[in-house]
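Numbers here are sequence positions counted from 1. Source: prediction; values computed, not measured. Side-chain atoms are counted along with the backbone in the values below, which use heavy atoms only and exclude waters and symmetry mates.
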Amino acid sequence: MSSFVGSWKRRDNTPLEAKSDGYATGVVSYALQMRHGARSAAVETGPELARGNQDKTEGRWLAYSLNKERDLSSDVGRFMSDAATAHAVLALIGPK
């Protein structure tokens with residue numbers, strides 16, 4: 001996501017996150033699968049990114065904000081991690 005915002009900076013001037021985001025990767029990948037077919041060559045990158053960026057210890061995917069990484073001990077942090085995990089799983093299983 002950080003590559004799409006150009007020179008935009010956070011208020012605190014901390015660097016934007018460059019890692020794969022489970023939420024964004026999952027949503028975009030699933031939408032592309034719905035549009036172009038679950039296993040077309042054009043959309044295989046999304047599920048591969050999801051597979052490679054899962055937190056293997058916890059079994060979840062994290063979500064990063066353009067504003068700040070969310071604290072996983074907060075309700076918002078847990079919600080975003082749950083949403084990222086759900087969307088990453090959707091990307092992996094594809095539309096039915």
- request: Could you tell me whether the side chain of Trp61 and the main chain of Ala50 form a donor-acceptor pair under 3.5 Å?
  value: yes
field: Spatial distance of atom CG (Asp21) from atom CG (Leu62) [nearest 0.5 Å]
entry: 8.5 Å
- prompt: Rounded to the nearest 0.5 Å, what separation is found between the CG atom of Leu90 and the CD atom of Gln33?
  reply: 9.0 Å
message: Is any side-chain heavy atom of Ser29 closer than 4.5 Å to one of His87?
response: no
message: Going by salt bridge (Lys or Arg N to Asp or Glu O under 4.0 Å), name the residues that satisfy it together with Glu58, two or more places apart in sequence or in a different chain.
response: none
task: Mind listing the closest non-hydrogen atom pair of Lys56 and Arg51 along with its distance?
output: NZ-O, 2.8 Å
- request: Any pair with a residue in residues 76-85 that passes salt bridge (charged side-chain N to carboxylate O under 4.0 Å, His left out), sequence neighbours left out, goes on the list, sorted by first then second residue, please.
  value: Asp75-Arg78
- request: Quick one: closest heavy-atom pair of Leu49 and Asn53, and the distance?
  value: O-ND2, 2.7 Å
